[in-house]
Every structure is written in C-alpha cells, then in structure tokens.
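Comments concern the structure below.
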Amino acid sequence: MKKFGKALVALLVLLLVASVLFLYWPLTTRSVPAASNEKPVDVVLVGAGIMSVTLATYLQELQPDWNIQIYERRDGVAEESSDGWNNAGTGHSAFAELNYTPELPDGSIETKRAVGIAEQFEISRQFWSHQVREGRLSQPSDFINPTPHMSFVWGDENINFLRKRQQALVKNPLFYGMQYSEDPAQIKAWAPLLMEGRDPAQKVAATWMPLGTDVNFGVITRQLTDGLKRSPNFGLHLGHEVSALRQNDDKTWNVTVKDLKSGNESTTHARFVFIGAGGAALKLLQLSGIPESKNYGGFPVGGQFLAFKGADVASRHSVKAYGMAETGSPPMSVPHLDSRKLDGKPVVLFGPFALYSTKFLKHGSWFDLYSSVTHNNVAPMLNVGADNLDLVKYLMSQAQLNDDDRQAELVKYYPNAKREDWTLVTAGQRVQIIKNDPQKGPLLQFGTEIVTDKDHTLAALLGASPGASTSPPIMLDLMAKAFPEEMKAGWEARLREIVPSYGRKLNESPALTNEIRTLTSQTLKLPFLDVPAEVAPPAAIPATVARPAEAPLPPQEKRNKNEELQAL
C-alpha cells in the first residue's frame, strides 16, 4: 500500500512538472542570427493574405519611399483564408445575414450592427474602385460580380422576424431597395432551386437585395501583390516562416525567418511589424512577447461545403440565399445556398458544416492549438470551454455527420437536390478569439480585433468574420492606431482620395450614399439604385429593379443577445 502511495505521489509530481514545463515552455530564449541589415526596413508584414496585402497597398500609396517586405510560409499568396475556395466569398453587407440583426426583448429589431457592416463594405468598394482606376486591379468581373443577397425562412415565428427585419432595415439608406415576399411564385422567380419540389403547404418568406455581390478575395490579393511588385521598395518572400520576433532597446524589431526549403534562418531589422497571418497570428503575437499578447487564446473552427460544379445547377441559381440557424444550433451554423464564381467558372456551394480541428491553418499543424496554450491563457481558455458547452456539443455532433445527414440538411433549402450532384470540399480554418477582458472576464469573442503594442511598433489582427470583406476599413482602423502621427501629418488627406467617404457615414445621408455608390458602381460594373432624399416607410417602397450605373435614371422626387458568429 505504501508503495502504491509513493507511486501515486511520484506520478502527481511528474504530471505537475510536465504541466509547468508545458505552460512555461520555452524556459530559455534561443539564439538567432544577427540582423543582416543595419538600416531597418520600414515595415515587415507576416502573411501574404488579403489583410497584409491591403495594408501594404495603402502604405505604398501613402509612403512610396518606405521599404516594405512580406514573408509568407506558403509558396504562393492567398493560399490560406483568402483563397476563393476557403471562404464564403460574400461581400458582407448584412443584406442577408440574419445574425447581424437580433430581435430585442421588446420584439424590435436591432439594426446597428448590420448598418455598421454595410458601412464597412462601402469602404471596401471604394478602396477596390480606386485600385481599378490606378491599374492595380484589372477587370472588375475577375474579382467582384453582382449577386443578389437573399434571406430565406419558413415557419410563422421566423417569417414574422424576417418581415420585421426588412421593415427596420429599409428605413436606412444603405438598405433601400430590399424587397420582401411571402409569395411562393415571387420567391421562385428570385431563386428557383429554393422552391422547386417544396411542399406547397409550407409557409415561406424571403428578402431579396439586388445590390449584393460575390467577391473572390484570392484574385484581389494576387492582383494587388502584382501591383506592389512594381515598386523597387517592395519585397515578397515566399516559403519563409517567421520563427522569432525580438524587440530591440530602440523599439525596433528583429524578425527571424526560416527558409522552408533550405532550412536556413536569417533576421531582418524592421521599424514596424504587422502580423496578418490568419489563424497563425495568435502564435506569432505570443512569439513577440509584448504584454498585450498575454490576454488572448484561440478556438479553431473549420468548415466544409457541398459543391455543385455542374452547369445544370450553377446556371439556375444566381443568388446568395442565407437561412437561419435551427433551434439548438449556434449562429455560426447559418446555412446558405451560395452562387459563386471560382476559377473563372460558376459554382454553387451549400453549407457550412462545422469541422473541428486543432489546426490554426488549413495547412497548419495538429499541434497548433496545444502550442498556443500558456500559463497566461490556460485558465481563461478552460473557463470559456466550460461556458460554451453548447458549442462543443454542436461541433461533436457535426463531426459525426455522414453524407446522408448532409443531404438531409441540403434538401431543406434545395428540395430537388440529388446526392450524386455534389462533392464535399473543405474550406479554410478560422480561429475565434478567447479574450481575458479586464471587466467581463474570459470571453469567446467573435469578429476581428486589432492588437497593438503601446509603442506603436507592432500590430496583429486576430479573429475571423466578416474578415476579408471588410479588410480595407479594418486596415484603416489599424493605421489610425499604429501610425497616429503619420495620419495627422498628411495621410488622412491622402486617404480621402482613396476612400472619398473617409470620416463620414453614408447611412446618415441619402445624397452621400448615392454619390459614393454611383462612383463605385460605375468603376466596378455593379448595379445601382437611387435612394430617395427621404426614405419612405416600407409599405410605400415600390418594387425596384437594379439597373446598370452607366444608365442613370431621371432624378426622383422626394418621397415621404445574438452575437456576430458568421465564423465560417
């Protein structure tokens, strides 16, 4: 018995020592090569996705004399979250995403979040329009295409919610033109696949917004990168992984990178570092050692979609139709039957189906999650796990799905779908933020968050949705936080040439909405609707049809707790 007791104590001591080593590893700082450049480069960006490339494009326009270097672990740009097959491709304007407009206890609809997302996407449109005019982006149809956004529901409760949602949103200039219908014939005209084969007795409702878009962020990233390469002050280093980040006494940084082909390490001296490496940003932020990095952990979630590549399906579905998460499912499971243009061809996707993985990147390591756990974040991560058991249960149930289960979910939106018409594809990984908030305690936080150090020498972007759709406004926010002196010294004036609405809200002015949308619609070849000077109540809004921006209509007379979880 004494031997057993001694063995048990020894085992507990061993486990304790192993836990300490695990949580505090590494115990010592390893040596790295000295910097190869005495004069620091101005900016090092980690990751060659939509975020880093967008920031680099801004900085190259604002400060063309700056030396900017990007390091990317893959052999090409935009091969992770920015790739067309690895995200939803929705130009997130909150036209269709029901989780952006929660119903409040008094029965009213909260629209603040939706309006904010719509405002952000209008900034993205302005940024991309500017890049087209400057020749950094080519033919708009290569990366953005008109694709109406729909919300589609059934059941009295959901129909009542959707009706109230449309009535609340169309009072805002950014949502003018959104139509609502409970007429099966009208809904079939908008999206035949949703209605064909459906039980005629089933009550359904839908909203339809002609100003929606489908966006290929991979194409945008690659074309902007080609534009950056025209400058002699820009360098792109593919197949290079950042292995160490060390801050110097003068607040500059030594960025050590490993050539994944040769295995050799080198170090670059830099004034400013941006970590925009998607899911890997958390581990790199921890690598920096800044105090701000200690407040975060990560929760990885992947997604899978059913892909229809046949022309008989793709030619008959030209909208993005978003549904509502079913009772008991987290809002991140919002299903959508989605018209896309990928690899130059029309495709229809249905999903998402959650995919749990401990990887932080699609091409990452199974040890990513475990290696991100430290003595600083282990308690908040355990706390958040205990508080979100419904999410854990949902992910476990999703892991048990088979093809018959997926087909059963599909026919709720596409009744005549055939099993042989689709294939299962795996999209990219997302890492949701676990944050130890000083006031609220540990939180599982959705959306994106910019983390900067107090010296404004390093910034990182954590989180996911709406992500790529709002990369230009997110990078504007980042520059305001990381480069406050430069912003005041002249950058703000230059930014108004890139983003004409900079510092103003479109939704507060129908006239400004029309002015900016006319500009971007003409450049990006997108449909346009004139917003009346006084947006009328929903009942007075006539049926509207989007028109090309190049054919202006005559002037119109005046006419009188759900979090953002679009993670996949």
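Numbering of residues begins at 1 and proceeds along the displayed sequence.
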Margin query: Would the distance check show the side chain of Ser93 and the main-chain N or O of Phe95 forming a donor-acceptor pair, the cut-off being under 3.5 Å?
Written below: no

Check: Does the side chain of Met51 come within less than 4.5 Å of Leu478's, by heavy atoms?
Finding: no

Check: Roughly how far apart are Thr520 OG1 and Leu524 CG, rounded to 0.5 Å?
Finding: 6.0 Å

Note to self: To the nearest 0.5 Å, what is the distance between CG on Leu526 and CZ on Arg125?
What the structure shows: 5.0 Å

Note to self: Taking the side chain as everything from C-beta on, heavy atoms only, tell me whether Lys481 gets closer than 4.5 Å to Ile450.
What the structure shows: yes

Check: If you look only at pairs with a residue in residues 64-78, which of them pass as a side chain to side chain donor-acceptor pair (under 3.5 Å), with sequence neighbours excluded?
Finding: Gln63-Asp65, Asn67-Gln69, Gln69-His237, Tyr71-Thr268, Arg73-Glu241, Arg74-Glu79

Next item on the list: Spell out, as yes or no, whether a donor-acceptor pair under 3.5 Å connects the side chain of Glu110 to the backbone of Lys112.
Entry: yes

Checklist line | Residues in ring-ring contact (aromatic ring centres under 6.0 Å, His included) contact with Phe217, at least two apart in sequence or another chain | finding: none

Next item on the list: With sequence neighbours excluded, tell me which residues meet ring-ring contact (aromatic ring centres under 6.0 Å, His included) with Trp85.
Entry: none

Check: Side chains of Thr523 and Arg133: donor-acceptor distance under 3.5 Å anywhere?
Finding: yes

Check: Any side-chain heavy-atom pair from Met487 and Leu495 closer than 4.5 angstrom?
Finding: yes

Checklist line | From Trp253 atom CH2 to Leu458 atom CG, the distance as rounded to the nearest 0.5 Å | finding: 5.0 Å

Item checked: N/O donor-acceptor pair under 3.5 Å between Thr374 side chain and Asn376 backbone -> yes

Item checked: Nearest-0.5 Å distance, CG of residue Asp259 to CG of residue Leu238 -> 10.5 Å

Note to self: Donor-acceptor check, side chain of Thr256 to backbone of Ser243, threshold 3.5 angstrom: yes or no?
What the structure shows: no

Notebook entry, point to check: With a 3.5 Å cut-off and no angle check, do the side chains of Gln223 and Ser138 form a donor-acceptor pair?
Noted result: yes

Next item on the list: Please determine, by modelled atom types, if Asp250 and Thr252 share a side-chain donor-acceptor pair under 3.5 angstrom.
Entry: yes

Notebook entry, point to check: Which value, rounded to the nearest 0.5 Å, describes the distance between Leu228 atom CG and Gln60 atom CD?
Noted result: 5.0 Å

Notebook entry, point to check: In chain order, what residues pass the side-chain hydrogen bond (donor to acceptor under 3.5 Å, both in side chains) check against Arg504, with sequence neighbours excluded?
Noted result: none

Next item on the list: Output every pair passing side chain to side chain donor-acceptor pair (under 3.5 Å) with a member in residues 354-363, not counting sequence neighbours, ordered by first then second residue.
Entry: Asn86-Lys362

Check: Which residues pass the side-chain hydrogen bond (donor to acceptor under 3.5 Å, both in side chains) test with His240, sequence neighbours left out?
Finding: none

Notebook entry, point to check: Should Val384 and Leu443 count as side-chain neighbours, where that means a heavy-atom distance under 4.5 Å?
Noted result: no

Please list every donor-acceptor pair under 3.5 Å in which a side-chain atom of residues 52-59 meets a protein atom from a residue at least two apart or in another chain.
{"from": "Ser52", "atom 1": "OG", "to": "Gly47", "atom 2": "O", "distance (Å)": "2.8"}
{"from": "Thr54", "atom 1": "OG1", "to": "Ile50", "atom 2": "O", "distance (Å)": "2.6"}
{"from": "Thr57", "atom 1": "OG1", "to": "Val53", "atom 2": "O", "distance (Å)": "2.8"}
{"from": "Tyr58", "atom 1": "OH", "to": "Pro472", "atom 2": "O", "distance (Å)": "3.2"}

Notebook entry, point to check: Do side-chain atoms of Ser469 reach the backbone of Thr90 as a donor and acceptor pair under 3.5 angstrom?
Noted result: yes

Notebook entry, point to check: Do Leu98 and Val334 come within less than 4.5 Å of each other through their side chains, counting heavy atoms only?
Noted result: no

Check: Among all residues two or more places apart in sequence or in another chain, which pass the side-chain hydrogen bond (donor to acceptor under 3.5 Å, both in side chains) test with Glu497?
Finding: Arg494

Margin query: Between Thr111 and Thr101, do the side chains contain a donor N or O and an acceptor N or O under 3.5 Å apart?
Written below: no

Next item on the list: Find out whether Met475 and Phe127 are in side-chain contact, i.e. whether some heavy atom of one side chain is under 4.5 Å from a heavy atom of the other.
Entry: no

Next item on the list: Please say which of Ser293, Ser372, Ser371 ends up in a side-chain hydrogen bond (donor to acceptor under 3.5 Å, both in side chains) with Lys283.
Entry: Ser371

Check: Looking at residues at least two apart in the chain, or sitting in another chain, which of them share a ring-ring contact (aromatic ring centres under 6.0 Å, His included) with Phe121?
Finding: Trp128

Check: For Asn216, which residues count as a side-chain hydrogen bond (donor to acceptor under 3.5 Å, both in side chains) partner, sequence neighbours excluded?
Finding: none

Check: Which ring pair (Phe, Tyr, Trp, His ring centres under 6.0 Å) pairs, counting each pair once, include a residue from residues 256-291, with sequence neighbours left out?
Finding: Phe272-Phe483

Item checked: Donor-acceptor under 3.5 Å (Gln126 side chain, Ser501 main chain) -> yes

Item checked: ring-ring contact (aromatic ring centres under 6.0 Å, His included) against His456, all qualifying residues, sequence neighbours excluded -> none

Next item on the list: To the nearest 0.5 angstrom, please state how far the CD1 atom of Ile433 sits from the CG atom of Asn295.
Entry: 11.5 Å

